[in-house]
Amino acid sequence: MSKKEEKTEYVKNGKRLDGRGTEELRPLKIEVGVLSRADGSCALEWGQNKVVAAVYGPREALPKHIQNPYKALVDYQYRMATFSVPDRKNPKPGRREMEISKVSGEALEKAIFLERFPNTTIDIFVEILDSNAGTRVAALVAASAALADAGIPMRDMVSAVGVGKAGGEIILDLNKDEEDAPDAVDIPMAILPRTEEIVLLQMDGLLTPEEWKKALKLGLKGCKQVYEVQKEALRKKYLEAEKEESEPNTETATQEEGE
Amino acid sequence: MSKKEEKTEYVKNGKRLDGRGTEELRPLKIEVGVLSRADGSCALEWGQNKVVAAVYGPREALPKHIQNPYKALVDYQYRMATFSVPDRKNPKPGRREMEISKVSGEALEKAIFLERFPNTTIDIFVEILDSNAGTRVAALVAASAALADAGIPMRDMVSAVGVGKAGGEIILDLNKDEEDAPDAVDIPMAILPRTEEIVLLQMDGLLTPEEWKKALKLGLKGCKQVYEVQKEALRKKYLEAEKEESEPNTETATQEEGE
Amino acid sequence: MSKKEEKTEYVKNGKRLDGRGTEELRPLKIEVGVLSRADGSCALEWGQNKVVAAVYGPREALPKHIQNPYKALVDYQYRMATFSVPDRKNPKPGRREMEISKVSGEALEKAIFLERFPNTTIDIFVEILDSNAGTRVAALVAASAALADAGIPMRDMVSAVGVGKAGGEIILDLNKDEEDAPDAVDIPMAILPRTEEIVLLQMDGLLTPEEWKKALKLGLKGCKQVYEVQKEALRKKYLEAEKEESEPNTETATQEEGE
Amino acid sequence: MASDIVLDLRADKVIEAIKLGKRLDNRKFDEYRKLKITKNISENANGSARVLLGETDVIAGIKMVPGDPFPDTPKEGSISVGVEFLPLASPLFEPGPPRENETELARVVDRGIRESKCLDFEKLCIKEGEKVWVVFIDMYTMNDDGNLFDACSIAALSALLETKIPKLGDEYKIVKGEYSGKLHLARKPLLCTTTKIAGHLVNDACFAEEKAMEARFSVATTEDGYMAAYQKGGSGSFSPKEIDECIDLSFAKAKEIRKQL
Amino acid sequence: MASDIVLDLRADKVIEAIKLGKRLDNRKFDEYRKLKITKNISENANGSARVLLGETDVIAGIKMVPGDPFPDTPKEGSISVGVEFLPLASPLFEPGPPRENETELARVVDRGIRESKCLDFEKLCIKEGEKVWVVFIDMYTMNDDGNLFDACSIAALSALLETKIPKLGDEYKIVKGEYSGKLHLARKPLLCTTTKIAGHLVNDACFAEEKAMEARFSVATTEDGYMAAYQKGGSGSFSPKEIDECIDLSFAKAKEIRKQL
Amino acid sequence: MASDIVLDLRADKVIEAIKLGKRLDNRKFDEYRKLKITKNISENANGSARVLLGETDVIAGIKMVPGDPFPDTPKEGSISVGVEFLPLASPLFEPGPPRENETELARVVDRGIRESKCLDFEKLCIKEGEKVWVVFIDMYTMNDDGNLFDACSIAALSALLETKIPKLGDEYKIVKGEYSGKLHLARKPLLCTTTKIAGHLVNDACFAEEKAMEARFSVATTEDGYMAAYQKGGSGSFSPKEIDECIDLSFAKAKEIRKQL
């Protein structure tokens with residue numbers, strides 16, 4: 001909300017204030033199958049962001065009058081814990097959470113074979129436990145992995161990343177300091193990586209079409225990096241399942257810095 | 001709420017502060033069929049008051065347990081836009097809007113042949129866009145015309161007007177300045193004009209039975225003037241419909257000052 | 001909330017500040033059958049506490065999906081009138097009222113032969129009109145009598161009392177001054193008197209297991225005193241019913257001080 | 001549902017009787033049921049009353065609370081009137097947020113009190129522009145055997161007449177259990193309702209009669225000949241002549257009730 | 001339900017036509033319906049406008065209210081954008097608390113205005129750290145024949161362009177009916193939405209077309225070549241190339257509309 | 001529904017086993033599942049902890065916020081305890097406003113902390129009568145495999161033990177990322193729940209066991225031999241003797257758990 005007044009250089013000698021390159025993601029760790037009651041689940045850490053996602057369904061949609069006889073409904077709920085932000089968040093879900101839930105649910109609808117599950121609902125719940133810019137894309141990445149973990153048939157995973165501008169530079173995966181730049185532009189985007197179909201795209205800030213072209217390119221690249229981490233997390237679980245290990249899964253797939 | 005302290009003369013030489021006679025309505029314009037999605041609709045201007053009404057139904061009443069197997073339900077919703085009053089109105093409907101909705105819906109029930117449409121609901125929505133005293137009767141007049149526009153069979157139109165007292169005088173169709181008089185009495189009333197059956201009647205302020213007799217007479221007269229404007233508005237539309245004109249209706253029925 | 005700072009002696013020469021002995025109840029009056037519309041009802045005065053309870057049911061539980069095919073549901077609602085407490089209470093039910101309603105309903109479930117009334121609900125409403133510590137047990141005692149008045153088959157009545165600590169002494173039926181003691185401990189408890197089964201038990205304050213043993217004994221004794229007043233109130237009504245008196249019942253069962 | 005059928009049958013009987021000039025409980029058309037007022041039923045309230053009108057049972061309690069004045073009336077206190085149709089009172093009442101019947105009742109009782117000017121809002125000022133008294137008038141239904149409007153109006157007025165003004169300490173904090181005097185009422189506004197059943201006008205309708213009613217008309221009158229509020233309710237209508245009869249009845253009945261306060 | 005079937009049939013016809021390069025009302029793919037803007041439709045508003053886009057009918061009204069600044073921006077005023085999908089506008093809208101469609105629309109319009117910096121929030125400061133202007137922008141739908149996003153954005157901007165700043169008296173109280181000047185807008189951000197139907201991109205979709213849509217993309221542009229916000233909606237997707245086309249269309253269409261303000 | 005039948009069958013199995021002196025997972029009657037506490041799981045919280053009790057998974061986070069004191073305790077800070085049964089945690093949890101189970105849990109945890117006097121409310125005073133610390137303790141369920149009460153109590157205490165007090169700047173504004181010390185706890189109150197199944201007392205019931213339970217009794221104990229709160233829940237009953245056993249178990253189990261903090 002309050003943007004810094006003094007002139008800051010956000011990229012210096014190709015390095016950002018936190019040491020990353022302009023096209024570099026923050027460290028990303030994904031683990032699936034972390035909650036026993038849910039049909040699918042995922043724990044994700046992305047920089048300081050910490051997210052847990054759970055999937056229930058397809059299950060009968062109730063009350064009956066909301067059922068769609070042609071396809072499953074998707075109910076996506078993005079929520080932030082009261083302590084996950086600098087000032088305590090009001091526990092009641094706000095308009096921001098409602099909007100993010102809507103566009104994120106729509107982003108996943110394209111990926112899931114909804115027509116196979118008429119009259120049902122697929123419920124996706126994501127809770128943000130800690131935050132530092134980019135939680136909506138982090139949530140979507142976790143939700144997508146949880147859907148796969150639940151065995152729900154999908155055209156492709158949804159991979160997502162934030163891209164944008166700070167101090168005049170187009171950069172990948174903005175952190176909170178960068179999002180607070182006076183000229184900050186924030187562009188959350190999500191794609192189906194195999195076809196580059198864009199399923200979520202928002203922006204706010206002042207941006208020219210030329211800047212957007214550059215940002216898009218960077219975003220597509222970032223999504224694909226994320227995609228690899230998602231796949232690796234799922235692979236790990238299924239390999240272990242094949243080995244029929246009975247121990248709990250403690251290893252996690254990790255996207256190291258500067259990959 | 002705040003009533004003026006200083007002694008004002010509200011009627012001087014037979015003229016009110018806005019130039020009207022004591023028995024004179026503010027200018028009234030009614031147009032029906034203004035909204036394409038609704039089954040019936042009406043736009044109304046009455047002095048500064050600006051009202052739009054829409055009717056949907058008779059349609060199936062849901063949830064089923066509210067259905068009445070003997071007659072249609074009437075659901076009337078009177079609402080004010082946030083900017084329609086001097087101070088910004090809270091967007092949440094308040095107790096005043098709830099009470100007005102109740103008594104206005106009851107006023108219309110007497111007019112409609114409800115028994116012909118068992119298990120259904122007739123939904124009437126009225127939005128106040130600008131206001132200067134008398135919005136509840138303006139809303140009811142618009143709603144009644146919208147019902148007729150929707151082709152819903154009625155015993156008679158409901159016509160309505162405000163009558164009351166300011167500065168010791170019984171006057172018709174009070175405006176806001178008059179309603180803020182220290183001794184102001186406000187009497188919204190609605191009738192079925194052909195039979196003079198009173199279907200809405202409220203009052204607040206200090207009034208004697210004698211003053212009421214005078215006010216009643218004036219109110220009945222006022223309602224009948226309003227009735228003529230309502231009928232003219234409907235006539236205009238039906239005439240046009242007969243001529244099968246395809247252009248949008250831009251003319252409006254008008255009640256000029258001092259009729 | 002605010003507890004007194006100065007050292008007060010709450011028991012002096014075996015007498016409490018209001019003149020009672022440590023094991024003495026405040027005056028208790030119970031009358032059943034006081035409301036004509038309810039299936040069962042009870043008016044109760046216990047010291048300054050004033051409570052009215054009404055029972056409706058067993059009646060069909062709605063919406064249908066909440067029905068239990070094996071037993072009746074119990075819906076208990078404890079509410080306080082806005083003027084029943086020193087500071088005006090917000091009319092919206094608060095978390096305290098919600099918790100009390102939950103544990104009180106559970107306390108009654110053990111007493112009622114719920115399995116005889118599948119798919120139904122037994123609704124118990126209690127309103128506190130005046131208060132001075134101990135309203136939740138007063139409400140439960142009234143509710144239990146109202147259930148009996150409604151003719152609902154029960155294993156036994158639920159009898160209840162508050163017990164606790166003030167100024168280092170274990171005492172029965174604390175009043176508000178005692179509950180505000182710096183070391184106050186409040187223990188609402190309810191039992192089925194014939195079997196001494198404990199169906200409601202809560203505590204807050206700092207208490208040792210030894211103190212609890214003493215409090216328990218006192219509480220059981222108090223519950224049984226209350227039980228006698230409950231039975232007397234019901235007996236009075238049934239005797240009158242047998243005599244087929246048509247006059248309204250104006251006598252009330254009374255538990256005098258120092259019994 | 002069975003209960004609806006029973007109610008319909010009772011309504012039929014009410015109408016049959018009314019047409020013969022009778023009421024099921026043998027009252028005259030303009031006769032109220034037995035009225036019993038019990039005052040000061042709650043020590044924690046600043047004033048309170050319980051009203052039994054036949055078997056209709058309601059309670060009103062007053063709390064005076066120091067509050068901020070409205071910006072446009074810096075030297076005036078205010079009133080706040082609420083009613084809760086407690087589910088104790090009827091199998092038809094459900095717990096939950098206020099509904100239109102409650103809202104209508106509260107607002108009509110409010111207008112009768114407010115517009116009668118029985119309370120001098122300027123005397124409710126504690127410090128101009130800073131602190132004023134808000135008089136909370138809260139009503140609860142205990143048993144609904146009809147005519148809740150009049151019963152609540154009687155209870156509210158009875159409670160106001162008993163109201164003690166709390167004593168204020170530092171920073172406008174109320175000193176518990178101490179009072180600085182009684183609330184002064186300049187008038188005694190009372191709401192009396194006339195109900196139209198089968199074309200006839202009756203007063204103090206019981207619950208079964210309300211099920212058979214076409215419309216009702218409530219008038220708040222004062223002892224010095226004024227009306228302070230009125231309100232038509234129900235889906236039926238009144239002729240101008242009937243309205244005049246209702247007004248006359250309301251004045252006459254309020255006069256009778258006022259004696260019992 | 002029957003009405004759903006009718007809507008599905010209309011959607012089928014829309015798709016059939018689009019595949020043949022046509023729209024049911026014969027518009028070109030990038031053609032907006034007739035736009036009619038009526039300003040100052042409410043005297044009680046500080047600014048207001050009614051927008052007809054074909055038969056889509058929306059209203060925006062502005063109220064400027066003195067409020068407390070946010071703690072972290074003591075010298076900045078703020079805006080508050082709301083929309084209510086009035087049940088007048090469509091058989092599908094029900095009264096009640098705001099739902100996700102309303103929330104999305106309000107927030108996208110909000111971002112277009114806020115991020116374009118058309119309003120200088122520092123100029124909305126009345127007294128630093130104490131009082132600032134809150135500009136309430138409230139929109140209402142009257143008739144929904146599609147493209148509520150663009151209609152609301154046009155209405156909001158039109159209303160802002162007419163907004164008079166209320167005059168303040170003592171203690172930041174508004175002097176009724178007097179004004180101290182007009183609100184200054186540095187830019188004119190407009191939201192233009194492109195809708196994808198059967199793989200084709202069209203502008204200003206009507207209600208029947210929206211029923212057939214795969215996805216939509218809305219871009220808020222300014223007259224000096226910036227985008228201030230955008231938003232993809234719907235369960236379909238866009239290729240990167242399609243997004244570029246949408247952006248071009250939004251700039252072009254906003255330019256046309258801006259001439260009619 | 002099928003799932004209900006499955007739960008009933010599992011409950012039958014639980015009861016069968018208990019009657020034979022066994023539990024389905026082979027634990028002893030008074031044995032807790034494996035406990036894992038992870039501290040500081042959220043940098044934005046002033047203190048936080050995640051607790052795994054078997055597969056039951058809950059999180060607690062603390063936020064200290066400067067707030068206004070209650071009028072009757074001008075030199076005391078306060079606590080506010082909330083819990084949300086996130087729908088992530090169970091197919092039976094639905095999103096929405098707090099329900100009675102959540103309210104009960106939050107209030108029992110609250111009383112254990114408050115009444116144990118582990119926090120000195122007077123030390124939470126910033127400036128008498130003007131500003132005090134409000135300690136918000138918010139708990140969230142991630143996975144419900146039973147005994148949420150104890151898991152939440154452990155999480156709340158663990159988070160409190162890690163809590164750093166924010167540094168205050170001008171006008172009581174929090175300086176982000178800076179701290180003025182750690183919150184001091186005088187005691188370590190812990191809630192331990194005993195569940196009655198088929199007439200036997202067991203600790204740390206898992207979800208299937210809770211489905212078979214008659215009643216539960218939770219006791220908050222301190223390391224110096226006090227009980228600070230207790231609460232009976234469920235529709236069954238306890239004999240006085242059973243209550244004594246429950247109390248002994250709660251002291252013993254809390255002592256074990258306290259070592260793992």
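This structure is a prediction, so every number in the text was calculated from the model and none was measured. Order of the sequence lines sets the chain letters (A, B, ...), proteins ahead of strands, with each chain counted from 1. Note: hydrogens, waters and symmetry copies are ignored here, and every other heavy atom, side chains too, is used.
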Does D:K211 NZ have over 12 foreign heavy atoms under 6.0 Å away?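 Open.
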Using a strict threshold of under 4.0 Å (side-chain N to carboxylate O), is an ion pair present between C:D87 and D:K176?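 A salt bridge links D:K176 with C:D87.
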Judged by atom type as modelled, is there a donor-acceptor pair below 3.5 Å linking the side chain of C:D130 to the main-chain atoms of D:N44?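 Looks like yes, one N/O pair under 3.5 Å.
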Does C:S84 offer a backbone N or O that forms a donor-acceptor pair with the side chain of D:K63 under 3.5 Å?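 It does not hold such a pair.
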Proximal component of [X], with respect to chain C [non-hydrogen, under 4.5 Å]:
X      : result
D:D138 : both
D:I59  : side chain
D:A159 : neither
D:D144 : both

Less than 4.5 Å apart, side chain to side chain, heavy atoms only: is that true for C:E127 and D:T141?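 Contact flag for C:E127/D:T141 side chains = no.
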Is D:M142 close to C:V34 at the side-chain level, that is, under 4.5 Å between some pair of heavy atoms?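 Heavy-atom side-chain distance check fails, nothing below 4.5 Å.
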Which heavy atom in [X] sits nearest to a heavy atom in [Y], and how many Å separate them?
X     : Y     : answer
D:P91 : C:R37 : CD-NH2, 3.5 Å
D:L88 : C:Y56 : O-OH, 2.7 Å
D:V65 : C:R88 : CG2-CB, 4.2 Å

Under 4.5 Å from any heavy atom of chain D, what part of [X] do you find: side chain, backbone, both or neither?
X      : value
C:R79  : neither
C:S131 : both
C:V52  : both

I'd like to verify something: which residue of D:P95, D:A45, D:S90 has the highest number of heavy-atom pairs under 4.5 Å with chain C?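 Highest number of pairs under 4.5 Å: D:S90.
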For this output row, return yes or no: ring centroids of D:Y140 and C:F83 closer than 6.0 angstrom.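 Centroid distance D:Y140-C:F83: below 6.0 Å, so yes.
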Specify which of C:A38, C:S36, C:A53, C:S41 makes the most heavy-atom pairs with chain D at under 4.5 Å.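 Going by pairs under 4.5 Å, I would pick C:S36.
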